[in-house]
Undergrad: 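Got a structure for you, questions after.
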Amino acid sequence: MSPFSSEKRKNPFQYCQGIDKSLTALMRKIGAAADRNGLQAFLIGGLVRDIFLARDLDLWDIDIVIDSDSASFARALARQFDAKVVIYKAFYTASLFVTRGRRIDLSTFRAETYARPGALPQVRKGDFLQDVQRRDFTINALAIALNKKCFGALIDPGQGYADLKQKRIRVFHDKSFCDDPTRILRAVRFEQRLNFRIERHTLQLLKAALKKRKETRVKAPRYFAEFKKILMEEDPLKPLRRLSHLGGLTFIHDPLQLDIRFIRKVYNHRALTGRWKGLVQPEQRWLFYFLAILKGMPERQVRAIVSRFQLSNEEKKAVLQSAGFSATVAYLNNIQLRPHQVYARLEQLTPVTVLFVRMATRRAVVIRHLERYLDQYRHVKLKVDGNDLKQMGIAAGPKIGVILKELLYEKIDHGLKRRSEEMKAVRKIMEGGKGL
Ligand code: ATP
């Protein structure tokens, strides 16, 4: 069946308001290049969905499919755009890194088969229809033709356009969630992000897949990577609540009781928007919601979860430290603590953990210590350094580090302002033999 037999619609690039002009120009160039190479090229996937929904476009994420070898076409485009190209031969895909940070993923029409449920698909060359039907949902399978003679025509064999209009998430076939259970999470994510509904039959299939615990067939880190995308959504509360109602959080721990009020508190907390927001990267924000989900779990369980999902070292550290929340709060809940004691305790924690404890505690004394640490103590820097100490006759070696640490604690407690005051304090530390 020719892909062009579907109803052609108005040129979406013209028809969608607010569409980025440079995107249209780029698509025309790719279409012209496809013409020169005798290929058919289509824009497909999430970007097409968002064009029709007139949403903000994620121009990092441009997916193009072609009817022939994507590697040689990618190389031709790389020469034309002076872009970097990376070829993934085994997957029939290539990525082009063009100006303004745009990445274009090019792939040959593919067909997929699943050796067993949850396994990574086996990929082979296919035709346009197979490439459409291997996708997760009909709304993510709309394609726009890029070749000059049909530029802008919508190709929609899965009736995804009607689903977009009806605000429906629909799978292509009944085995979809068994083949790839990560689609369970994707369905909920798109449903809640777009304010759609998972269509009735699709919802039945999704619930059946959850009931049969199909998600356990997927490697845990891969399933978690898709879950992380939920936590990275602009509003992760809605999909989390929906997933929880569907019983879709048991892959973390069974049973898992979601404290949605607490997660909302974390979501709205000024620590993530106010004066400390620079302490964590925006891409680490998801971690706070994960910590909120795990809050109250025994450390042993948290340890098991962390190792199953293969978090990065920094993430692991934040999660495990936050599992020690009660001990940190108990230590800080002491009005007598000297500033350097607060500093020494909190300096061992990741910034994410410190902020999380600040969000999660209501104890005034603890909050006071935490805020002083965040606003004052952690900014204290010494004016003298190891070289100054060597000039004072202290031999190079670990002793220097010990003295500098003592000095820093002294400065945090007593606010030494001048360099001469720091030198004096060093002499006092040496006389007292403290830390030596
Ligand atoms: P987002 O807006 O969150 O980036 P997206 O639709 O662009 O969403 P991607 O994860 O970037 O999603 O995937 C690009 C396209 O690849 C999807 O639109 C879909 O067509 C296809 N796809 C992605 N994941 C799957 C999957 N698990 N099963 C089938 N098709 C998938």
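Just so you know, ligand 1 is whichever comes first in the structure, and atom 1 is the first atom listed for that ligand.
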Undergrad: Counting both backbone and side chain atoms, is some N or O of D50 under 3.5 Å from an N or O of ligand 1?
TA: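 It does not: no N or O of D50 is found under 3.5 Å from an N or O of ligand 1.
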Undergrad: Using a strict threshold of under 4.0 Å (side-chain N to carboxylate O), is an ion pair present between E347 and R378?
TA: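 Salt bridge absent between R378 and E347.
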Undergrad: Could you check which of Q133, R186, M232, E112 puts a non-hydrogen atom nearest to atom 13 (O) of ligand 1?
TA: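 It is R186 whose heavy atom sits nearest to atom 13 (O) of ligand 1.
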Undergrad: Classify the ring geometry of Y289 against Y267: parallel below 30°, tilted from 30° to 60°, perpendicular beyond 60°.
TA: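 Rings of Y289 and Y267: tilted, 30 to 60°.
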Undergrad: Any atoms of ligand 1 less than 4.0 Å from a non-hydrogen atom of G45? List them with their elements.
TA: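 Ligand 1 atoms under the 4.0 Å threshold to G45: 18 (O).
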Undergrad: For atom 1 (P) of ligand 1, which protein heavy atom lies nearest, and how many Å away is it?
TA: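 Ranked first by proximity to atom 1 (P) of ligand 1 is R193 NH2, 3.7 Å.
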Undergrad: Going by the order shown, which atoms of ligand 1 are within less than 4.0 Å of some heavy atom of R189?
TA: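 This gives 3 (O) as the contact atoms.
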Undergrad: Examine L47 against ligand 1 and note whether any of their N/O atoms are separated by less than 3.5 Å.
TA: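 Such a contact does not occur with ligand 1.
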Undergrad: Knowing that exactly one of K238, K228, R193 qualifies, which makes a salt bridge (Lys or Arg N to Asp or Glu O under 4.0 Å) with E233?
TA: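 Result: among K238, K228, R193, R193 is the only option passing the salt bridge (Lys or Arg N to Asp or Glu O under 4.0 Å) with E233.
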Undergrad: Parallel, tilted or perpendicular: which describes the rings of Y377 and Y373, with under 30° parallel and over 60° perpendicular?
TA: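 Judged by the thresholds at 30° and 60°, the geometry between Y377 and Y373 is perpendicular.
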Undergrad: Students should be able to answer this: which protein heavy-atom is nearest to atom 16 (O) of ligand 1, and at what distance?
TA: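 For atom 16 (O) of ligand 1, the nearest protein heavy atom is R135 NH1, 3.7 Å.
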Undergrad: Tell me, with the steps shown, if R275 and D375 meet salt bridge (Lys or Arg N to Asp or Glu O under 4.0 Å).
TA: CA-CA 9 Å; R275 62 190 190 273; D375 292 334; 2.9 Å; yes
Undergrad: I'd like to know whether ligand 1 has E226 as a neighbour, heavy-atom separation below 4.0 Å.
TA: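 E226 does not count as a contact of ligand 1 under the 4.0 Å cut-off.
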Undergrad: Mind checking the CD-CZ spacing from E191 to R197? Nearest 0.5 Å is all I need.
TA: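 Between atom CD of E191 and atom CZ of R197 there are 5.0 Å.
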Undergrad: Got the closest protein heavy atom to atom 28 (N) of ligand 1, with its distance?
TA: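 So the nearest neighbour among protein heavy atoms is R183 NE, 2.9 Å.
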Undergrad: Classify the ring geometry between F325 and F356 as parallel (under 30°), tilted (30 to 60°) or perpendicular (over 60°).
TA: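 Ring orientation, 0 to 90° scale: perpendicular.
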Undergrad: Count the heavy atoms of every other residue, nucleotide or ligand shown that sit under 6.0 Å from CD of Q257, and state whether that count exceeds 12.
TA: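 12 or below, so no.
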Undergrad: If you measure from atom 30 (N) of ligand 1 to every heavy atom of D131, D63, D136, which option wins on shortest distance?
TA: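 Going through D131, D63, D136 one by one, D136 has the nearest heavy atom to atom 30 (N) of ligand 1.
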Undergrad: Tell me, which protein residue and heavy-atom name are nearest atom 6 (O) of ligand 1, and how many Å apart are they?
TA: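 Ranking protein heavy atoms by distance from atom 6 (O) of ligand 1, first comes R49 NH1, 3.0 Å.
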Undergrad: Hey, is CG on D254 packed in by over 12 heavy atoms from elsewhere, all under 6.0 Å?
TA: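 Yes.
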Undergrad: What's the verdict on salt bridge (Lys or Arg N to Asp or Glu O under 4.0 Å) for R134 and D179, showing C-alpha distance, side-chain angles and the deciding distance?
TA: CA-CA 10 Å; R134 74 177 176 83; D179 282 348; over 6 Å; no
Undergrad: Considering the heavy atoms of T182, write down every atom of ligand 1 situated less than 4.0 Å from one of them.
TA: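 Checking each atom against T182, I get 27 (N).
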Undergrad: What residue and atom, counting heavy atoms only, is the protein's closest point to atom 4 (O) of ligand 1, and at what distance?
TA: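 The closest one turns out to be D61 OD2, 3.0 Å.
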Undergrad: Identify, by atom number and element, the atoms of ligand 1 in contact range of K229, meaning under 4.0 Å from any of its heavy atoms.
TA: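 So the atoms of ligand 1 that pass are 10 (O).
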Undergrad: For F190, state whether at least one heavy atom is located under 4.0 Å from any atom of ligand 1.
TA: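 Yes, that is the case, since the closest heavy atom of the residue is under 4.0 Å from the ligand.
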Undergrad: For N140, is at least one N or O under 3.5 Å away from an N or O on ligand 1?
TA: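 Yes: some nitrogen or oxygen of N140 is under 3.5 Å from one in ligand 1.
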Undergrad: If the plane angle is over 60° it's perpendicular, under 30° parallel, otherwise tilted; pick one for F137 and F177.
TA: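 Because their plane-to-plane angle lies in the 30° to 60° range, the rings of F137 and F177 count as tilted.
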Undergrad: Relative to the heavy atoms of D180, which atoms of ligand 1 are at a distance of less than 4.0 Å?
TA: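 Under 4.0 Å from D180, ligand 1 has these atoms: 26 (C), 27 (N), 28 (N).
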